[in-house]
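Report on the structure given below.
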Amino acid sequence: MRILGIETSCDETGIAIYDEEQGIMSHRLYSQIAVHADYGGVVPELASRDHVRKTIPLIKEVLAEANLTPEDLDGVAYTAGPGLVGALLVGCSIGRSLAYGWNLPAVPVHHMEGHLLAPMLEDDVPEFPFVALLVSGGHTMLVRVDGIGKYELLGESVDDAAGEAFDKTAKLLGLDYPGGPVLSKMAENGTPKRFRFPRPMTDRPGLDFSFSGLKTFAANTIAKEDSSDQTKADIAYAFQEAVVDTLAIKCRRALEQCELKRLVIAGGVSANRSLREKLDKVTQKLGGQVYYPRPEFCTDNGAMIAYAGMQRLKSGVSADLTFKATPRWPL
Ligand code: KG4
Ligand code: ZN
């Protein structure tokens, strides 16, 4: 089975072809960061317009690179939600129309299921069951995964997502959008122990998260301190350490609660080196292992959508001629 995957849920146009035997045959990613940088965040209307411009040319490119024609495909998968409605509609309408024109099944994919299955694109594939920590710009969730489509939500953020907290704190530090990776780089020069941020909701039972307080804590700290590069790096260090510690505490709790040893992390924030190192240690102590996608597949991409679409199609899911974007959609 060979699937074309289309991802347009936010500010990245990701297109890929996944083949059951050969794996990823080709993939392209176009990031709109430059389009939104001046505005300090994603402007939904500009995102939709840019997806309109990029999606078809990138589909042509991946087909050409893989040396394939539409007849060589078995289905077209597209992200149907959650995400920005206008951006989603671009991928949904192009994906659905191409599938109709090419006489192929169309497969709507849940964006977070794409992230959750992204580690399956690597050589060292986690076996079911496992616990997954999904950490992106829009979501922070702990999920028990017993198989494809067998997902039990264990906990989630009651306010900001981890990536959102990274981006908002980065903005307070005067960094450009999306500041998460830049803040993380800055933290490398930070002095340990100069500041200590709280570890929200770790002092009570449960697996939910809350990150909006950290941003406020950062704002108050920034207001009180000088604005030297070293102070900024020290604040970035303390903020990142608090997020990573909080995520690690809840991951350990989730693994113990589920009596599992395998942990998967995915979504943009799973590219964070400090988080990977910390979770490596946590799982090693439990005699288990952590699995994560290569950095380019941590953030949004078409390969994870093609892969999730293939799994969905194998289990008999495909869409009729109507299509809809689902901006809010539980996993
Ligand atoms: O999964 P993703 O590409 O898009 C969503 O579905 O939201 O995640 C993007 C988020 C952004 O908030 C970005 O700042 C964050 O992931 N991110 C990082 C790092 N790389 C990306 N946050 C912390 N450290 C990183 N290295
Ligand atoms: Zn995402």
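Read the numbers this way: they start at 1 and go in the same order the structure lists the ligands and their atoms.
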Looking at ligand 1, is there an atom of it that comes within less than 4.0 Å of some heavy atom belonging to H115?
yes
With a cut-off of 2.8 Å, does any N, O or S atom of H111 fall short of it relative to the Zn ion (ligand 2)?
yes
I'd like to know if C10 contacts ligand 1, where contact means a heavy-atom distance under 4.0 Å to any ligand atom.
no
Is the cationic atom of K150 (NZ for Lys, CZ for Arg) positioned less than 6.0 Å from the six-membered ring centroid of F128 and within 45 degrees of its normal?
no
Using a strict cut-off of 4.0 Å, indicate which atoms of ligand 1 neighbour a heavy atom of D300.
1 (O), 2 (P), 3 (O), 4 (O), 5 (C), 6 (O)
Could you check whether Y292 and D280, counting side-chain N and O atoms only, form a donor-acceptor pair closer than 3.5 Å?
yes
Top protein contact for atom 24 (N) of ligand 1, by heavy-atom distance
N272 ND2, 3.0 Å
Angle subtended at the Zn ion (ligand 2) by H115 NE2 and D300 OD1, to the nearest 10 degrees, is 90°
To which protein heavy atom is atom 14 (O) of ligand 1 closest, and what is the distance rounded to 0.1 Å?
D167 OD1, 2.6 Å
Any atoms of ligand 1 less than 4.0 Å from a non-hydrogen atom of T299? List them with their elements.
3 (O)
Residue pair F166, F239: steps toward the ring pair (Phe, Tyr, Trp, His ring centres under 6.0 Å) verdict:
CA-CA 8 Å; F166 262 96; F239 166 82; 5.1 Å; yes
So if you build clusters from Ile, Leu, Val, Met, Phe, Trp, Tyr with side-chain heavy-atom gaps below 4.5 Å, do L63 and Y30 land together?
yes
With a cutoff of 4.0 Å, is H111 in contact with ligand 1, counting heavy atoms of the residue only?
yes
Y307 vs Y18 aromatic rings, parallel, tilted or perpendicular, using cut-offs 30° and 60°?
perpendicular
Heavy-atom side-chain contact between K168 and D160 under 4.5 Å:
yes
Using distance alone, with no hydrogens and no angle criterion, decide if S228 and Q230 have a side-chain donor and acceptor under 3.5 Å apart.
no
Numbered atoms of ligand 1 (with element) below 4.0 Å of G138, judged on heavy atoms
7 (O)
Below 3.5 Å, N or O to N or O, backbone or side chain included: is there any such pair between G163 and ligand 1?
yes
For G180, take its heavy atoms, then give the atoms of ligand 1 lying under 4.0 Å from any of them.
14 (O), 22 (N), 23 (C), 24 (N)
Just going by heavy-atom distances, which of N301, V135, V269, L275 is nearest to atom 15 (C) of ligand 1?
V269
Does H139 approach ligand 1 within less than 4.0 angstrom via side chain, backbone, both or neither, non-hydrogen atoms only?
neither
Test item: side-chain donor near acceptor, E65 and H27, under 3.5 Å:
no
Decide yes or no on side-chain hydrogen bond (donor to acceptor under 3.5 Å, both in side chains) for E241 and S274, but give the supporting numbers first.
CA-CA 8 Å; E241 187 189 40; S274 167; over 6 Å; no
Any side-chain donor near an acceptor of the partner, T13 and R28, under 3.5 Å:
no
Output yes when a side-chain donor or acceptor of D19 lies under 3.5 Å from a complementary backbone atom of I17, and no otherwise.
no
Looking at the Zn ion (ligand 2), is one of the N, O or S atoms of H139 less than 2.8 Å from it?
no
So between A165, S184, G268, whose heavy atom ends up nearest atom 21 (C) of ligand 1?
G268
Go through ligand 1 atom by atom and flag the ones less than 4.0 Å from a non-hydrogen atom of G137.
5 (C), 7 (O), 8 (O), 9 (C), 10 (C), 12 (O)
Considering both backbone and side-chain atoms of P178, is one of its nitrogen or oxygen atoms within less than 3.5 Å of a nitrogen or oxygen in ligand 1?
no
